[in-house]
Amino acid sequence: MDYMLEKIQDCFRRERILFSRHARVEMEAEEFGVINEREVSEAVLHGRVIEDYPNDEPYPSCLI
C-alpha cells in the first residue's frame, strides 16, 4: 500500500499527472464546491492511503 502512495506522490512532485475527463467532471460536480488541482495535489502529497483496491481495472488504485 505504501509503495503505491510513494509512486503516486513521486508523479505529483515531478508534475507528471494527467486528470481524466471523468476526474475533472467529478471535481467540478462536488456538492461542497469545486475541487481544484492544487487541493488534489495537497491531499496526495500529505495524505495517507485509506483503502487499497489492487484488483481495479485497468490499473490498481487506492483512496487517499
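If you read the sequence from its start, that first residue is 1, and numbering goes on from there.
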For this session: List the atom of Met4, the atom of Pro60, and the distance in Å for their closest heavy-atom pair.
Result: CE-CB, 3.5 Å
For this session: Indicate the atoms forming the closest heavy-atom contact of Cys62 with Asp52, along with that distance.
Result: CB-OD1, 4.0 Å
Exercise. Which atom pair, heavy atoms only, marks the closest approach of Val40 to Ile35?
Worked result: CG2-CG2, 3.7 Å
Problem set entry | In one Ile/Leu/Val/Met/Phe/Trp/Tyr side-chain cluster, 4.5 Å: Ile50, Tyr53 | yes
Seminar exercise, completed: Hits for side chain to side chain contact (heavy atoms under 4.5 Å, CB included) against Leu18, two or more places apart or cross-chain, chain-then-number order -> none
For this session: Measure the CD-OG distance between Gln9 and Ser41 for me, rounded to the nearest 0.5 Å.
Result: 10.0 Å
Exercise. Looking only at heavy atoms, what is the nearest atom pair of Asn36 and Met27, with distance?
Worked result: C-CE, 3.9 Å
Seminar exercise, completed: Shortest non-hydrogen pair, Val49 vs Leu5, comes out as CG2-CB, 3.8 Å
Exercise. Got a sec, which pairs hit side-chain hydrogen bond (donor to acceptor under 3.5 Å, both in side chains) with one end in residues 19-30, sequence neighbours left out?
Worked result: Arg24-Glu37
Exercise. Any donor-acceptor pair under 3.5 Å linking the side chain of Asp56 with the backbone of Tyr59?
Worked result: no
For this session: Of all the heavy-atom pairs spanning Leu45 and Arg13, show the shortest one and how long it is.
Result: CD2-CG, 3.8 Å
